[in-house]
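Chain A is the first sequence line, chain B the second, and so forth, proteins listed ahead of strands; every chain is numbered from 1.
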2 protein chains.
Amino acid sequence: KKIEAILLENKEHILVPAEKVAHVQVNNRLDHALLVLTKVGYSVIPVLDKDYCIKGLLSLSMITDAILGLEKIDYEKLSEIEVSEVMNTDFPIVENPYDLEEILHLLVDYSFICVASDEGSFTGIVPRKQMMKGLNRLAHE
Amino acid sequence: KKIEAILLENKEHILVPAEKVAHVQVNNRLDHALLVLTKVGYSVIPVLDKDYCIKGLLSLSMITDAILGLEKIDYEKLSEIEVSEVMNTDFPIVENPYDLEEILHLLVDYSFICVASDEGSFTGIVPRKQMMKGLNRLAHE
Ligand SMILES: Nc1ncnc2c1ncn2[C@@H]1O[C@@H]2COP(=O)(O)O[C@H]3[C@@H](O)[C@H](n4cnc5c(N)ncnc54)O[C@@H]3COP(=O)(O)O[C@H]2[C@H]1O
Ligand SMILES: Nc1ncnc2c1ncn2[C@@H]1O[C@@H]2COP(=O)(O)O[C@H]3[C@@H](O)[C@H](n4cnc5c(N)ncnc54)O[C@@H]3COP(=O)(O)O[C@H]2[C@H]1O
């Protein structure tokens with residue numbers, strides 16, 4: 001189909017490889033994760049374990065939600081809470097090689113999709129941006 | 001064109017009207033804004049002035065960036081800083097009635113676009129989600 005051809009035109013750009021994706025570890029503390037998320041500027045980033053498997057997604061609001069539950073913002077408490085205690089674990093992971101139609105379908109509800117190898121190790125993410133570029137090209141044909 | 005027709009099929013769903021868009025005011029303090037952003041769960045929200053004009057965009061990382069600059073996280077300081085001091089003011093605003101091709105082009109780099117009337121008052125936002133739905137429909141034809 002014309003659509004798939006346009007989107008796949010830049011298939012090699014669709015996947016952001018794991019080494020280019022900002023991430024944190026499951027056992028990092030929230031004071032460290034707050035710093036990373038603030039500095040990288042991405043709203044949501046993957047959480048990996050020591051075997052490089054995807055375990056969760058983390059956003060700043062998951063951290064501030066944990067802080068706001070305390071009496072008053074107690075920065076010291078942040079160094080006692082692990083990322084694994086606040087991260088989101090309910091999200092899709094697709095296996096490499098991924099199917100474009102499946103990715104398109106999932107990207108309706110998520111701003112990016114995590115991709116893993118058949119053994120579970122993190123391969124990269126497919127963000128919406130590349131699809132928006134394809135759509136932009138389609139509309140201007 | 002087929003693309004425009006598909007995307008415009010749901011033109012009435014493309015714009016999220018202003019009354020459904022979470023926002024804060026320019027003179028709100030950061031402790032209030034932190035609470036709103038944490039509770040609504042959106043990563044970026046518009047900032048309006050008292051005349052309902054769009055003045056900026058705010059994310060949690062803009063707030064945590066301001067806090068991390070302090071000696072230690074000082075929650076009291078948050079009630080002294082105004083939203084207008086940390087918000088992003090460099091972003092596109094399109095005028096209603098908007099041109100779909102222009103919106104598609106801007107949505108490559110932004111997860112949503114703010115729409116205003118010709119007098120500048122906030123009309124709503126066009127998020128990427130609706131475009132992803134259109135693309136999904138196109139791919140399944
Ligand atoms: N440093 C930067 N340089 C250029 N453009 C930037 C940027 N930060 C954000 N953007 C733009 O804003 C969109 C939304 O970013 P957000 O951080 O909310 O949401 C991002 C973020 O949560 C995640 N993401 C993307 N690239 C990432 C990376 N290298 N590492 C970790 N997470 C990433 O995927 C989501 C969707 O990304 P997508 O590219 O579709 O869409 C991005 C991109 O178009
Ligand atoms: N409460 C919720 N219910 C259902 N799905 C949810 C959701 N919160 C987030 N999502 C999903 O996650 C995507 C990214 O949301 P995010 O908050 O990073 O980025 C959002 C947010 O910054 C802003 N946004 C969308 N709707 C908003 C609203 N009603 N008020 C304020 N900002 C909104 O536009 C960006 C793109 O939104 P988009 O809908 O394309 O894409 C959304 C949507 O597909």
- Message: Taking side chain as everything from C-beta outward and backbone as N, CA, C, O, which of these in Ser59(A) sits under 4.5 Å from a heavy atom of chain B? Side chain, backbone, both or neither.
- Response: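 Neither part, no heavy atoms under 4.5 Å.
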- Task: Kindly give the heavy-atom pair with the smallest separation between Asn136(B) and Glu101(A), and that separation in Å.
- Result: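 Looking at all heavy atoms of both residues, the closest pair is OD1-O, 4.3 Å.
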- Query: Which atom pair, heavy atoms only, marks the closest approach of Lys133(B) to Val108(A)?
  - Reply: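 Residues Lys133(B) and Val108(A), closest heavy atoms: CG-CG1, 3.6 Å.
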Enter the distance from [X]:[atom1] to [Y]:[atom2] here, rounded to the nearest 0.5 Å.
X: Thr64(B); Y: Leu37(A); atom1: OG1; atom2: CG; result: 8.0 Å
X: Arg128(B); Y: Leu135(A); atom1: CZ; atom2: CG; result: 11.0 Å
X: Ile67(A); Y: Leu34(B); atom1: CD1; atom2: CG; result: 7.0 Å

- Side-chain touch Asp65(A)/Lys39(B), heavy atoms, less than 4.5 angstrom: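 Result yes, sub-4.5 Å side-chain heavy-atom pair found.
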- Message: Side chains of Leu104(A) and Leu138(B), heavy atoms from C-beta outward: is any pair under 4.5 Å?
- Response: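 No, their side chains stay 4.5 Å or more apart.
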